[in-house]
Amino acid sequence: MSDLPSYPQEAAEREASQQPPQDRGYASWGRRFAAYLLDLVIIIVPLVVLIVAIAASDPSEDGAAWIVVVVAYIATIVLPFIYFTYFHGEPSGQTPGKRLLGIRVVSDETGRSIGFGRAFGRYAIIAVFGFFFIPVILDYLWPLWDTKNQTLHDKVVGSVVVHA
């Protein structure tokens, strides 16, 4: 017998609960793509309403129409940042599209939420890639040959998309 005290059961349980899940099912490219399309529909609907408001506005009120155009333009940039940062950063790590398809974004190390900072960075990388044709195409196609089905923006922030 050893004179060393035994490892407390409470500490062992806490340590086990903090370990990343060993058997995670990574989400397929098709499921990720379908969830993204559903999320785009959710984001685009309010923008279409704004465009309809512009088209229906009185042509004699050019100032008001331009204000709506500027607001719509800013919304196309800001709304996706808010949407994806909020939903990927919250504890569930699921946008409505991902929730419908049973997948979520988690930290590759811990298996838990990536938090709002990493979620913002994740979408910021997508936005930067969006300025260039080849990087954005590579980013979205990368899961097709990656062992964890990660995109490049997932790799940068250390996230994976798994079955919920």
Side-chain angles (χ1 to χ4, degrees), residues 15-55 66-164:
E15 212 171 81
S17 72
Q18 292 176 352
Q19 295 296 321
Q22 298 302 320
D23 188 23
R24 283 193 282 213
Y26 298 113
S28 70
W29 182 87
R31 193 172 287 245
R32 290 178 67 144
F33 183 70
Y36 185 68
L37 289 179
L38 289 170
D39 290 327
L40 279 182
V41 169
I42 292 168
I43 292 171
I44 289 173
V45 167
L47 297 175
V48 169
V49 169
L50 281 173
I51 292 168
V52 169
I54 293 168
W66 279 107
I67 290 172
V68 175
V69 168
V70 170
V71 168
Y73 180 72
I74 292 170
T76 59
I77 296 169
V78 174
L79 189 61
F81 267 99
I82 294 169
Y83 182 86
F84 288 109
T85 298
Y86 173 75
F87 285 114
H88 287 154
E90 70 176 354
S92 75
Q94 295 176 302
T95 60
K98 283 184 175 65
R99 189 171 296 119
L100 283 171
L101 290 168
I103 59 178
R104 63 189 289 234
V105 175
V106 296
S107 169
D108 191 22
E109 291 177 8
T110 66
R112 294 193 174 139
S113 171
I114 61 173
F116 296 110
R118 286 169 64 187
F120 181 84
R122 187 175 188 270
Y123 190 76
I125 293 163
I126 295 169
V128 170
F129 283 163
F131 288 115
F132 309 99
F133 181 73
I134 293 176
V136 78
I137 296 298
L138 277 175
D139 183 42
Y140 282 115
L141 294 179
W142 205 268
L144 292 172
W145 55 79
D146 188 80
T147 57
K148 295 181 181 179
N149 295 349
Q150 287 177 297
T151 58
L152 296 174
H153 60 266
D154 283 323
K155 290 182 175 300
V156 171
V157 299
S159 65
V160 290
V161 181
V162 296
H163 295 282

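One-based numbering along the sequence shown.
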Pro96: what forms a side chain to side chain contact (heavy atoms under 4.5 Å, CB included) with it, not counting sequence neighbours?
Asp39, Ile42, Tyr83, Phe87

Check whether any side-chain heavy atom of Arg31 lies under 4.5 Å from a side-chain heavy atom of Asn149, and answer yes or no.
no

For Glu90 and Ser92, does a side-chain donor sit closer than 3.5 Å to a side-chain acceptor?
yes

Distance-only, no hydrogens or angles: does the Arg118 side chain make a donor-acceptor pair with backbone N or O of Gly158 under 3.5 Å?
yes

Side chains of Val160 and Asp154: does their closest heavy-atom pair fall under 4.5 Å?
no

Excluding sequence neighbours, so at least two apart, what forms side chain to side chain contact (heavy atoms under 4.5 Å, CB included) with Asp139?
Ile126, Phe129, Thr151, Leu152, His153

Judged by atom type as modelled, is there a donor-acceptor pair below 3.5 Å linking the side chain of Trp29 to the main-chain atoms of Tyr140?
yes

Distance (rounded to the nearest 0.5 Å) between Leu79 CG and Ile77 CD1:
11.5 Å

If the plane angle is over 60° it's perpendicular, under 30° parallel, otherwise tilted; pick one for Tyr123 and Phe84.
parallel

Are any non-hydrogen side-chain atoms of Lys148 and Lys155 less than 4.5 angstrom apart?
no

Using 0.5 Å steps for rounding, measure from the CZ atom of Arg104 to the OG atom of Ser159.
12.0 Å

Looking at OH of Tyr26 and OG1 of Thr147, how far apart are the two atoms once the value is rounded to the nearest 0.5 Å?
7.0 Å

Only counting residues at least two apart or in another chain, list the ones meeting side chain to side chain contact (heavy atoms under 4.5 Å, CB included) with Ala34.
Leu101

